[in-house]
Amino acid sequence: MSNEEIAQMFLDIADFLEIENVQWEPRAYRKAALTISSLPVDIKQIYEEGKLMDLEGIGSSISKSIEEYIKTGRMSKYDSLSKKYPLDLRAFRKIQGMGPKRAYALYKKLGIRSINDLKSALESGKIRKLEGFGEKSEMQLKHNLESFMKVKEERKMLGYVIDYFEALAREMRKNGPFFSVEIAGSTRRMKETVGDLDILATSDKPQKGMEFFTGMKQVKEIIVKGDTKTSVKLDIGINCDLRIVENGSFGAAMQYFTGNKDHNVKLRKIAISKGLKLNEYGLFKGSTSIAGATEEKVYETLGLKWIEPELRENTGEIEAARKGTLPKIVKYEEILGDLHVHTKDSDGANSLEEMVAAAEGFGHKFIAITNHSKGLRIANGLDEKRFSVFNNKIDKLNEKSNIKILKGVELEILKDGSVDLSAGVLKNMDFVIGAMHQNTNMPRKELTNRLIRAIESGLINTVAHPTGRKIGERAPFDLDYESIFEACKKNDVLLEIDGFPERSDLPFDMVKLAKVYGIRFSLGSDAHRDMQLRFIRMAGAIARRGWLEKRDVVNTMDYKDIQRLKR
DNA sequence: GCCGTTTTCGGCCCGACTGTTTTCAGTCG
């Protein structure tokens, strides 16, 4: 049982109800599904605390369904509907242009239940003869089915594609018939993963703008093309939407296309409550636009302070903007260095000198080299002897280096919570990251105690990638995070935000939770080669999305103050 | 089915594009 499973069941129910032309309920179930799939904790835990109804979009009826499923492993509403409509909606949902109604029409008329059924029906040419379908629909479905089979459309990790995105926007600015070109959407919010790229432009020649865009070498395929909206598939396998608006609407459009959806819905409701209407073209009183050229004016007219894009997730930022209590989140340029970097002395690809030179190129003031310790054999971890030789090398390099190199280690936290290097060696280190890499499938209580013992040892500065999750690969550790946070606070131990894309750990929602405990954070790229130093930006993004301020992030301090951190 | 800065009842975001339609339904974001 997982949050995702329950979320999928609710999405199925929403589709079933849509087939039955039920009004509004599909929306309610979809909202509940979204809430559940984005929970940072197991929903069972929330159920056990009796707090299901506190969740957004979950009321008495849906919470009863969740309870039934947790207790019995079945959900009667889902069971009866899925019996009535035996369709593989989960697969169909992933095919562009295949909504619940079309799926049902195909089932009713041709008995299509699965992807395979759909495939053979398409091959036999039966679909084009159906009422409501035609040759073009059939072609389109064929095409979209193919791309579904080829790549199971997945989200990309932003850390890997953001440079490509920005280069694309730069090229449009430089050579296209646009006044301005800006990236919006989840990229602007700096979400860890993105499903597509949203670009917004202004131009007095929208048609020419769209021509230019669809003719770019990165564009592999045109999905839809109009004067204001065009969607394409890019060569890196991700869709890109371009919207062109007039200058007077640019702020409203930036607001609208930055999202997220819930944030926007709430803003529109505020507009309605003031007798106004908000859409991507502006904020309107009747048919008169009273704001729209800038985002600031749109927010201001709604009685809100402008909200940083990274905060726009409808997790309290609108209320804070109304009350004027928004945090002054840490700026990217306030992050002065990187506190988690490897060299080829353990499992990195570049030498110490190369990494330091690259860090200087990135504008860092300092960098902590944190190679693995001996317990992590697979990563060629260093023992006491190798560390003392390596640290001497750092001392020497520091004499001529333009940036400060901190002596660090990513220290293995063993099964019993002890660590694998002697206190003597650790004393000479500037920055110690404690990490669990092995035997992490222990029961929750044991794993929690193991980590707490390390936190209380007085030997580590920070807990590396605290949840251990890897996006799309590995689930987070089964830990009692509240106890971990309490222990960190009590012992003045930091939590790391690891910006390596697959890790993105702590995740931003847990950063926000941990901040409440008064914990401070260290940011690291976890770079294993020079170019990966760029991932510090992603760590900064998570910090911002977690509402952290400058004082919450030790990377904003002078290196001398980092050396003086308590251990 | 959910929710409350009008409301415990009566609303629920809204516009673009496409295809198969002679005026709109379905899908998407």
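We name chains A, B, ... by the order of the sequence lines, and we start the count at 1 in each one. Below, all heavy atoms of this structure are taken into account, side chains as well, without hydrogens, waters or symmetry copies.
Pair assignment for dT8(B): none, as no Watson-Crick or G-U wobble contacts are both less than 3.5 Å.
Using atom P as the reference point in both dG26(B) and dT22(B), the two lie 14 Å apart (nearest Å). When the P atom is compared between dT21(B) and dT27(B), the two are found 15 Å apart, to the nearest whole Å. Comparing the C1' positions of dG15(B) and dG10(B) gives a spacing of 24 Å, expressed to the nearest Å. With both ends at atom P, the span from dC17(B) to dT23(B) equals 23 Å, rounded to whole Å. The C1' atoms of dC12(B) and dT6(B) are separated by 15 Å, rounded to the nearest whole Å. Of the C1' atoms belonging to dC14(B) and dC9(B), the separation is 24 Å, rounded to the nearest Å. Separating the P atom of dA16(B) from that of dG11(B) is a span of 26 Å, rounded to the nearest Å.
Within the 4.0 angstrom heavy-atom criterion, no nucleotide atom of any strand lies near Ser231(A). Residue Lys77(A) is classed as a sugar-phosphate contact, given heavy-atom separations below 4.0 Å to backbone atoms only. Nucleic acid contact class of Ile95(A) (heavy atoms, under 4.0 Å, all strands): sugar-phosphate only. Backbone-only contact: Phe133(A) has heavy atoms under 4.0 Å from sugar-phosphate atoms and none from a base. Across all strands, Glu56(A) comes closer than 4.0 Å only to sugar-phosphate atoms, never to a base (heavy-atom distances). If you check every strand for non-hydrogen atoms under 4.0 Å, Glu138(A) touches nothing. Nucleic acid contact class of Leu17(A) (heavy atoms, under 4.0 Å, all strands): none.
Toward the 5' end of DNA chain B, the nearer of the two residues Ser61(A) and Lys269(A), judged by each one's closest nucleotide, is Ser61(A). If you find the closest nucleotide of DNA chain B to Trp24(A) and to Glu131(A), the one lying nearer the 5' end belongs to Trp24(A).
For Ser137(A), counting side-chain heavy atoms from C-beta on, the closest listed nucleotide (dG29(B), dT20(B), dT5(B)) is dT20(B).
Residue Ile58(A) contributes atom CD1, which lies 14 Å from atom C1' of dC3(B) at whole-angstrom precision. Rounded to an integer number of Å, the gap from Leu81(A) CG to dG1(B) C1' is 13 Å. For the pair Phe92(A) CZ and dG26(B) C1', the interatomic distance rounds to 16 Å; values are reported in whole Å. Rounding to whole angstrom units, CD of residue Gln23(A) and P of dA25(B) are separated by 12 Å. For the pair Asp196(A) CG and dG29(B) C1', the interatomic distance rounds to 8 Å; values are reported in whole Å.
With sequence neighbours excluded, no residue forms a side-chain hydrogen bond (donor to acceptor under 3.5 Å, both in side chains) with Arg322(A). For Arg534(A), the side-chain hydrogen bond (donor to acceptor under 3.5 Å, both in side chains) criterion is met by Asp163(A), not counting sequence neighbours. Taking Leu513(A) as the reference, Phe485(A) meet the side-chain contact (heavy atoms from CB on, under 4.5 Å) condition, with sequence neighbours excluded. By the side-chain hydrogen bond (donor to acceptor under 3.5 Å, both in side chains) test, Asn264(A) pairs with Gln255(A), sequence neighbours left out. The side-chain contact (heavy atoms from CB on, under 4.5 Å) search around Arg173(A) returns Ala169(A), Arg170(A), Val181(A), Glu182(A), not counting sequence neighbours. Remark: Arg102(A) engages Ser137(A) in a side-chain hydrogen bond (donor to acceptor under 3.5 Å, both in side chains) (not counting sequence neighbours).
Contact of the Glu482(A) side chain with the Tyr517(A) side chain is registered, since non-hydrogen atoms from C-beta on lie closer than 4.5 Å. Residues Thr258(A) and Glu295(A) form a side-chain contact, since some pair of their non-hydrogen atoms from C-beta on lies under 4.5 Å apart.
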Return a table of donor-acceptor pairs under 3.5 angstrom between the side chains of residues 284-294 of chain A and protein atoms on other chains or two or more places apart.
{"unit_1": "Ser289(A)", "atom_1": "OG", "unit_2": "Ala291(A)", "atom_2": "O", "d": "3.3"}
{"unit_1": "Thr294(A)", "atom_1": "OG1", "unit_2": "Lys297(A)", "atom_2": "N", "d": "3.2"}

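Listed by first then second residue, pairs satisfying ring pair (Phe, Tyr, Trp, His ring centres under 6.0 Å) with a partner in residues 10-37 of chain A read Phe10(A)-Tyr29(A), Phe16(A)-Tyr85(A), not counting sequence neighbours. Residue pairs that meet the ring pair (Phe, Tyr, Trp, His ring centres under 6.0 Å) test with at least one member in residues 212-239 of chain A, sequence neighbours left out, do not exist here.
Within residues 96-118 of chain A, the residues having any heavy atom under 4.0 Å from DNA chain B are, by residue number, Gln96(A), Gly97(A), Met98(A), Gly99(A), Pro100(A), Lys101(A), Arg102(A). At a non-hydrogen distance threshold of 4.0 Å, nothing from residues 185-193 of chain A comes into contact with DNA chain B.
Around CD of Glu171(A), the count of heavy atoms belonging to other residues, nucleotides or ligands within 6.0 Å exceeds 12. Atom CD of Gln45(A) has more than 12 neighbouring heavy atoms from other residues, nucleotides or ligands inside a 6.0 Å radius.
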Nucleotide N/O of nucleotides 14-18 of chain B paired with protein N/O under 3.5 Å:
{"unit_1": "dC14(B)", "atom_1": "O4'", "unit_2": "Arg268(A)", "atom_2": "NH1", "d": "2.6"}
{"unit_1": "dG15(B)", "atom_1": "OP1", "unit_2": "Lys277(A)", "atom_2": "NZ", "d": "3.2"}
{"unit_1": "dA16(B)", "atom_1": "OP1", "unit_2": "Tyr281(A)", "atom_2": "OH", "d": "2.9"}
{"unit_1": "dA16(B)", "atom_1": "O3'", "unit_2": "Thr228(A)", "atom_2": "OG1", "d": "3.2"}
{"unit_1": "dC17(B)", "atom_1": "OP1", "unit_2": "Thr228(A)", "atom_2": "N", "d": "3.4"}
{"unit_1": "dC17(B)", "atom_1": "OP1", "unit_2": "Thr228(A)", "atom_2": "OG1", "d": "3.1"}
{"unit_1": "dC17(B)", "atom_1": "OP1", "unit_2": "Lys229(A)", "atom_2": "N", "d": "3.1"}
{"unit_1": "dT18(B)", "atom_1": "OP1", "unit_2": "Lys225(A)", "atom_2": "N", "d": "3.1"}
{"unit_1": "dT18(B)", "atom_1": "OP1", "unit_2": "Lys225(A)", "atom_2": "O", "d": "3.4"}

